[in-house]
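Only a predicted model underlies this, so the values are computations on that prediction, with no experimental measurement involved. Below, chains carry the letters A, B, ... as their sequence lines are ordered, and counting in each starts from 1.
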2 protein chains.
Amino acid sequence: MPHDDVHPVSLTCGDCPIRHRAVCARCDVDEIEELEDIKYYRSFEAGQTVVWAGDKMDFVASVVSGIATLTQTLEDGRTQMVGLLLPSDFVGRPGRSGAAYNVTATTNILMCCFRKKPFEEMMERTPHIAQRLLQMTLDELDAAREWMLLLGRKTAREKIASLLSIVARRDAPINHAAQTSEVTFDLPLTREAMADYLGLTLETVSRQISALKRDGVIVLEGKRHVSVPDMDRLLMEAGDDSDGGFLI
Amino acid sequence: MPHDDVHPVSLTCGDCPIRHRAVCARCDVDEIEELEDIKYYRSFEAGQTVVWAGDKMDFVASVVSGIATLTQTLEDGRTQMVGLLLPSDFVGRPGRSGAAYNVTATTNILMCCFRKKPFEEMMERTPHIAQRLLQMTLDELDAAREWMLLLGRKTAREKIASLLSIVARRDAPINHAAQTSEVTFDLPLTREAMADYLGLTLETVSRQISALKRDGVIVLEGKRHVSVPDMDRLLMEAGDDSDGGFLI
DNA sequence: GTTTCGTCTTGATCTGTGTCAATTTCTCAC
DNA sequence: GTGAGAAATTGACACAGATCAAGACGAAAC
């Protein structure tokens with residue numbers, strides 16, 4: 001099972017050393033034998049849709065590797081991303097059968113799925129699971145609300161800077177922990193996906209990235225690889241107070 | 001205790017006839033005697049701040065009467081509302097000590113508070129509570145994400161129409177249930193608060209309301225009282241598909 | 001190597017919403 | 001009733017970001 005360095009704690013085994021937001025594959029196998037028959041793996045290729053909004057979704061899942069997005073759309077095609085699923089993130093809603101959003105793989109992705117009915121039954125029997133899910137959901141709610149501030153009140157430049165600092169934090173936690181002021185990472189999203197996340201057009205995204213590059217806030221190698229010489233400067237551009245919170 | 005017609009089901013007594021999202025005052029007294037000593041009431045006047053973002057918040061609470069808002073701000077004063085608390089709504093976060101947002105009373109308000117520590121202990125002992133809180137939090141997350149679509153992609157006119165149809169739904173459920181196509185309600189918010197909710201300026205809010213009035217979508221009596229002659233028309237203006245979801 | 005196709009950048013122009021400012025309308029105290 | 005302050009409306013103008021359009025770049029196929 002693909003499960004290299006990352007070892008996120010499972011919902012179902014709360015005393016793993018590393019705390020993370022996930023239902024974890026390996027962990028479950030070790031600890032909860034009954035999960036064996038309600039769990040299965042599915043992989044999707046970049047660009048594939050995992051579920052459409054409104055479709056029946058009879059599982060919950062956690063991302064093992066790759067990246068997926070949650071999006072909502074209006075009839076005329078305007079789309080807004082409302083969530084970004086990175087490895088170890090959880091998706092699905094116990095207690096509701098229909099999916100509320102489109103879930104799309106932006107890279108090749110492997111998901112660890114749990115059939116919903118048995119998962120819910122397990123939740124009934126194991127209070128710890130509901131409590132853990134509650135914590136995770138509250139975290140996501142905070143992230144969503146932080147995102148509302150971004151969508152409603154930030155300028156295009158601030159939006160881009162915010163997104164970059166969030167990706168920097170999630171994508172390069174090692175750099176960050178080491179207090180290196182130079183941080184480096186790959187953008188996991190196309191310009192269009194960034195635009196959908198930020199409530200902008202892809203042209204504006206491109207222009208603002210160019211502007212940040214011109215002003216020395218970031219350094220680009222190719223289109224996707226980003227270096228941030230001074231993380232504090234980027235955070236300042238993002239307009240957040242102090243440590244910028246806990247987005248995504 | 002002020003608890004007139006509304007009788008929302010409590011987190012702590014799950015088999016009340018009417019299902020609603022709340023920790024309910026009367027209900028608790030009837031059913032859970034041990035709650036008596038962890039529960040107390042607080043009232044605030046219109047305009048008063050209940051808690052500031054970052055302050056210690058040693059209670060969770062439910063709104064008994066009145067309206068409060070959750071807001072976030074940037075250093076330079078730009079503010080974005082991220083939640084609207086109507087009677088029976090729950091506020092506070094088990095498992096975290098600091099408040100994440102400013103909570104402000106927009107009308108006189110009465111809140112039923114529970115000291116956090118004992119509430120959390122009760123959650124430990126009573127699995128049902130965590131499950132109920134999880135449902136509520138998932139609902140709020142859905143609402144927040146619907147709101148992200150509004151903030152990121154809707155026009156000013158669509159934003160106003162969306163807000164009006166949401167208030168109509170929550171404020172005049174009787175009208176709506178009766179299938180009367182004419183719906184009537186009072187706006188519980190100032191133009192400025194509406195602007196903060198919608199990511200607009202108060203001038204734009206005012207202009208768009210005037211435009212909707214001019215176009216016959218709504219009828220105003222005074223500044224706050226709204227009649228909607230044709231609810232379907234309003235929903236169309238809001239740009240939502242079919243039934244518009246489950247905002248706020 | 002060349003071609004092709006998707007992604008990205010950049011330019012020119014347009015427009016929706018913000019900004020600034022002047023009135024008007026409400027509400028409530030007196 | 002009158003006056004004062006808050007809330008809301010309306011107008012004129014500016015500008016950030018959208019739209020439309022043309023190219024540049026990069027990766028994969030041949």
Side-chain angles (χ1 to χ4, degrees), chain A residues 45-48 74 76-80 106-108 150-164 186-215 218-226 237 239, chain B residues 45-48 67 69 74 76-80 106-108 150-164 186-215 218-226 237 239:
Chain A
E45 289 177 19
Q48 256 190 306
L74 298 168
D76 62 7
R78 284 174 284 175
T79 92
Q80 174 67 49
T106 58
T107 65
N108 292 346
L150 177 146
L151 290 170
R153 295 303 188 191
K154 287 191 178 178
T155 65
R157 174 183 263 242
E158 288 170 333
K159 287 179 176 181
I160 297 289
S162 298
L163 178 56
L164 291 177
D186 282 306
L187 280 173
L189 301 172
T190 65
R191 299 293 186 259
E192 186 181 23
M194 294 174 69
D196 284 344
Y197 210 157
L198 300 171
L200 298 170
T201 59
L202 69 91
E203 292 95 329
T204 299
V205 169
S206 182
R207 271 186 256 271
Q208 294 297 335
I209 288 180
S210 298
L212 288 174
K213 186 171 115 190
R214 187 162 50 247
D215 298 347
I218 59 173
V219 178
L220 283 183
E221 292 166 42
K223 306 297 183 184
R224 297 294 194 88
H225 193 77
V226 180
E237 292 280 357
Chain B
E45 289 177 20
Q48 257 191 306
I67 294 176
T69 63
L74 298 168
D76 61 8
R78 283 175 285 175
T79 93
Q80 174 67 48
T106 57
T107 64
N108 291 345
L150 176 145
L151 290 170
R153 294 303 188 192
K154 287 190 180 179
T155 65
R157 173 182 262 244
E158 288 169 334
K159 287 179 177 182
I160 298 288
S162 298
L163 179 55
L164 291 177
D186 282 306
L187 281 173
L189 300 172
T190 65
R191 300 292 187 260
E192 187 182 23
M194 293 174 69
D196 284 344
Y197 209 157
L198 300 172
L200 298 170
T201 61
L202 70 90
E203 292 95 330
T204 299
V205 169
S206 182
R207 272 187 255 271
Q208 295 298 334
I209 288 180
S210 298
L212 289 174
K213 187 170 114 190
R214 188 162 48 248
D215 299 348
I218 58 173
V219 178
L220 283 184
E221 292 166 42
K223 306 298 185 187
R224 298 292 195 88
H225 193 78
V226 180
E237 292 281 356

Counting only heavy atoms not in B/Glu192, do more than 12 sit closer than 6.0 Å to its CD atom? no

For C/dT17 and B/Thr204 - does any side-chain N or O of the residue sit under 4.0 Å from the phosphate oxygens OP1/OP2? no

Quick check: does any side chain N or O of B/Ser210 sit under 3.5 Å from a backbone N or O of B/Ser206, one acting as donor and the other as acceptor? yes

Could you tell me if the side chain of B/Arg153 sits less than 4.5 Å from the side chain of A/Asp196, heavy atoms only? yes

Could you give the CZ-to-C1' distance, from A/Arg214 to C/dG11, as a whole number of Å? 13 Å

Should A/Lys223 and A/Ile209 count as side-chain neighbours, where that means a heavy-atom distance under 4.5 Å? no

What is the distance from CD of B/Glu221 to P of C/dT25, rounded to the nearest Å? 18 Å

Any donor-acceptor pair under 3.5 Å joining the side chain of A/Arg207 to the base of C/dG11? yes

Both A/Thr201 and A/Gly222 contact DNA chain D. Which one's nearest nucleotide lies toward the 5' end? A/Thr201

Take the C1' atoms of the five end pairs on each side of the helix from C/dG1-D/dC30 to C/dC30-D/dG1, get both axes, and report the angle to 10 degrees. 40°

I need the CG-C1' distance between B/Leu220 and C/dC26, as an integer number of Å. 14 Å

Value in whole Å for how far the C1' atom of C/dT19 lies from CZ of A/Arg153: 13 Å

What are the bounds, 5' to 3', of the part of DNA chain D that sits under 4.0 Å from heavy atoms of chain B? D/dA8 to D/dA12

Whole angstrom value for the distance that separates P of C/dG18 from CG of B/Leu202: 10 Å

Does a side-chain N or O from A/Arg224 land closer than 4.0 Å to OP1 or OP2 of C/dC8, or not? yes

Can you measure A/Leu187 atom CG to C/dC8 atom P for me and round it to whole angstrom units? 9 Å

Is there a donor and acceptor pair, one atom on the side chain of A/Glu203 and one on the base of C/dC8, closer than 3.5 Å? no

In the structure I gave you, are the side-chain heavy atoms of A/Glu237 and A/Asp215 within less than 4.5 Å of one another anywhere? no

Separation of A/Leu200 atom CG from C/dG16 atom P, in whole Å? 18 Å

Are the side chain of B/Glu221 and the backbone N or O of B/Val226 linked by a donor-acceptor pair below 3.5 Å? no

